[in-house]
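Reading through the structure tokens given below for one structure.
Just so it is clear, the structure is predicted and the values come from calculations on it, not from any experiment. The chains referred to below are lettered A, B, ... by the order of the sequence lines, with proteins before strands, and numbering in each begins at 1.
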Amino acid sequence: MTRFKTPRGARDRLPEEQHLWDRVTGAFERACRLHGFGRIQTPTFESADLFIRAVGEETDIGSKELYTLDDRGGEHLALRPEGTAPVVRAYNEHGMKVRSQPVRLYYLQPHFRYDRPQAGRYREHNQMGAEVLGEEDASVDVEAISLIWEVLIGLGLTGLELEINSIGDPVCRPNYRRALVDYYQDRLDELCQDCNRRFTSNPLRLLDCKKDRCLQIAGKAPRSIDFLCGDCSDHLAVLRKGLDALEIDYAVNPRLVRGLDYYTRTVFEILPAGGAAQGSLAGGGRYDLLSEYIGGDSVPGMGFGSGIERVILNLQEQDLDGAPAARPDAFVGPLSSAAKPVAAALSSQLRSVGLATIFGYRDASARSHLRRANSAGSRIAVLIGDRDLSNGSVSVRDMDKKTQTEVKLEEAARTIKDLLTD
RNA sequence: GUGGCCGUAGCUCAUCUGGUUAGAGCGCUUGGUUGUGGCCCAAGAGGUAGCGGGUUCAAGUCCCGUCGGUCACCCCA
């Protein structure tokens, strides 16, 4: 019988790393609350078409990375590969346009992509993300970017780089696209294979190929920001002023494009120190067309997603993963089988007055119990043996001070509380 | 999806060019007399060497496949 293992690209999160998870998501939720965002939870699976329509059939996510399943009723479903489309779907489904606009939402949830796993890249990965729907003012973009930026900075990460770009809208993007295609048309034989493929599938992606040769060619390619129409150009200006006002450093990267089709105007990425070895920590942008793509009303939107595993990985790399030692208050060890029920009852009583208490389960030697109490980091150890049973007492030992007293069973809780508050 | 590297106890690693019952440290359990911790000492538990095939008198050590991890691509969070 072979032993079961986590499926490829999926991982267990063990107790000792939970504090990192809590720290990251805690910081994020706090920020969301401060900015007036409400949490939304959408299903883990949705109609596969929702995602295909949203991210585009040509993208990797829409084609080869989707975890699809046909259920017994014949529904063609997919595990959520990204967070934005479901949120926009929910906005439309629940008539959120009648709410005071814009609507601010955030989420913390797993995403699934059939990718080849690597450190910081998992088939099941968690994202914290936020979306603002119903407002196209670039101030929204500023707020979304600053929210996640400050969360990451607040966690202590250093060397982060924020890159922004604008890829235009339906008015100006076609012009740009044409210029780009014209430029690349004559250079196809100088480009790598992947880029030749991109030329027909998604020309914008030609810009962020990392091969030296292609990089050179991309360097001289027309830049989207030079083709922006008046509105888009103004929009970008407002975004930049807003970031400046918040003193958030950023770089305009004319070659920054995003993989998903639904983005318009603003796109951004936050890269970890030392470049993008394990990919970006956060990315997002504006998607004013998405709602219509998926059959909804015309609703402007702006949002981002940030990979929690990647953020944690970065905290560990920057030695910011120090664990706060969670110490139990008390450890109760029975020295004989007759003492077990008494010890169990006392444990229960201690918990009922709010003391974190570990019950030593089986009767063992005092040495055993104290060793265990010690390795658990317990502040107090309580020993109960036959001697105690006969005079109705227990031994309460302060593990740090190495002092010990014998008290009446009924006074144990009181005594321990006093010791802990000293 | 493409290419490279890696895969020995829970963890970190040894096992020289293939050769007897695969070792260590840490961790874990128990003990070091009469109910007492963190140090020290001792004993013990724990491995079909990821899995499957092949070569060989003999394989953890060589070859192939497969699964998993990892790095670079691809992609993205």
Side-chain angles (χ1 to χ4, degrees), chain A residues 1-11 14 16 24 55 59-65 80-84 107-129 148 152 192-195 197-198 202 205 208-211 214 257-260 269-272 276-284 303-314 331 333-336 339 362-389 394-404 406:
Chain A
M1 182 93 165
T2 51
R3 290 221 271 187
F4 288 108
K5 297 192 291 191
T6 50
R8 183 164 206 208
R11 23 177 278 124
L14 303 181
E16 46 273 26
V24 172
V55 302
T59 63
D60 282 1
I61 292 180
S63 51
K64 51 191 188 191
E65 293 182 3
R80 169 182 51 228
E82 63 95 40
T84 303
Y107 56 79
L108 285 161
Q109 62 195 16
H111 295 76
F112 306 86
R113 290 179 199 168
Y114 189 81
D115 233 358
R116 183 149 164 190
Q118 220 165 292
R121 186 166 90 177
Y122 308 103
R123 289 182 172 178
E124 178 184 20
H125 75 277
N126 288 274
Q127 282 186 38
M128 45 192 183
I148 186 61
L152 298 176
C192 69
Q193 263 194 332
D194 285 323
C195 282
R197 185 175 49 75
R198 291 186 183 104
N202 194 347
R205 297 218 64 87
D208 67 354
C209 183
K210 283 154 198 97
K211 299 217 166 51
C214 303
V257 293
R258 308 238 73 225
L260 312 183
E269 248 176 51
I270 297 176
L271 305 168
Q278 273 133 14
S280 55
L281 295 180
F304 64 83
S306 178
I308 297 174
E309 286 86 351
R310 285 186 182 176
V311 172
I312 289 176
L313 211 57
N314 255 258
F331 181 102
L335 300 173
S336 70
R362 55 177 203 195
D363 54 304
S365 66
R367 152 187 244 131
S368 266
H369 281 311
L370 286 172
R371 277 184 173 166
R372 262 189 275 269
N374 185 61
S375 65
S378 183
R379 306 248 343 247
I380 302 291
V382 181
L383 296 176
I384 308 178
D386 291 335
R387 201 172 74 202
D388 302 288
L389 291 181
V394 297
S395 296
V396 176
R397 180 171 179 80
D398 185 314
M399 297 294 282
D400 296 341
K401 293 186 192 138
K402 307 185 210 309
T403 56
Q404 188 164 328
E406 211 160 289

**Report entry** Residues in side-chain contact (heavy atoms from CB on, under 4.5 Å) contact with Arg387(A), at least two apart in sequence or another chain
**Finding:** Glu406(A)
Query raised in the report: Using a 3.5 Å cut-off on both pairing distances, which stems of three or more Watson-Crick or G-U pairs include RNA chain B?
Result: B:1-7 with B:67-73, B:10-13 with B:23-26, B:28-32 with B:40-44, B:50-54 with B:62-66
Report summary line: Residue set satisfying side-chain contact (heavy atoms from CB on, under 4.5 Å) with Ile270(A), at least two apart, ordered chain then number -> Ile148(A), Trp149(A), Leu152(A), Leu160(A), Leu162(A), Phe268(A), Ala282(A)
Query raised in the report: Can you name the side-chain contact (heavy atoms from CB on, under 4.5 Å) partners of Arg362(A), sequence neighbours left out?
Result: Arg372(A)
Hey, what are the protein-to-nucleotides 6-9 of chain B N/O distances that come in under 3.5 Å?
none

Report summary line: Hits for salt bridge (Lys or Arg N to Asp or Glu O under 4.0 Å) against Asp363(A), two or more places apart or cross-chain, chain-then-number order -> none
Report task. Identify, with sequence neighbours excluded, every residue that meets salt bridge (Lys or Arg N to Asp or Glu O under 4.0 Å) alongside Asp400(A). Result -> Arg327(A), Arg379(A)
**Report entry** Sequence-distant partners of His125(A), side-chain hydrogen bond (donor to acceptor under 3.5 Å, both in side chains), two or more places apart
**Finding:** Gln127(A)
Requested in this report: With sequence neighbours excluded, tell me which residues meet side-chain hydrogen bond (donor to acceptor under 3.5 Å, both in side chains) with Glu65(A).
Outcome: none
Hey, what are the protein-to-nucleotides 36-40 of chain B N/O distances that come in under 3.5 Å?
residue	atom	partner	partner atom	Å
rU36(B)	O2	Gln404(A)	OE1	3.3
rU36(B)	N3	Gln404(A)	OE1	2.7
rU36(B)	N3	Gln404(A)	NE2	2.8
rU36(B)	O4	Gln404(A)	NE2	2.1
rG37(B)	N7	Arg397(A)	NH2	3.0
rG37(B)	O6	Arg397(A)	NH2	3.1
rG37(B)	O6	Met399(A)	O	3.1
rG37(B)	N1	Met399(A)	O	2.4
rG37(B)	N2	Asn374(A)	OD1	2.9
rG37(B)	N2	Met399(A)	O	3.4
rG37(B)	N3	Asn374(A)	OD1	3.3
rG38(B)	O4'	Asn374(A)	ND2	2.9
rG38(B)	O6	Lys402(A)	NZ	2.5
rG38(B)	N1	Lys402(A)	NZ	3.0

Report task. Please name all residues satisfying side-chain hydrogen bond (donor to acceptor under 3.5 Å, both in side chains) with Arg397(A), sequence neighbours left out, ordered by chain then number. Result -> Gln404(A)
Query raised in the report: Roughly, in whole Å, what's the span from CZ in Arg123(A) to C1' in rG69(B)?
Result: 12 Å
Query - Partners meeting side-chain hydrogen bond (donor to acceptor under 3.5 Å, both in side chains) with Arg11(A) (sequence neighbours left out) - result: Glu17(A)
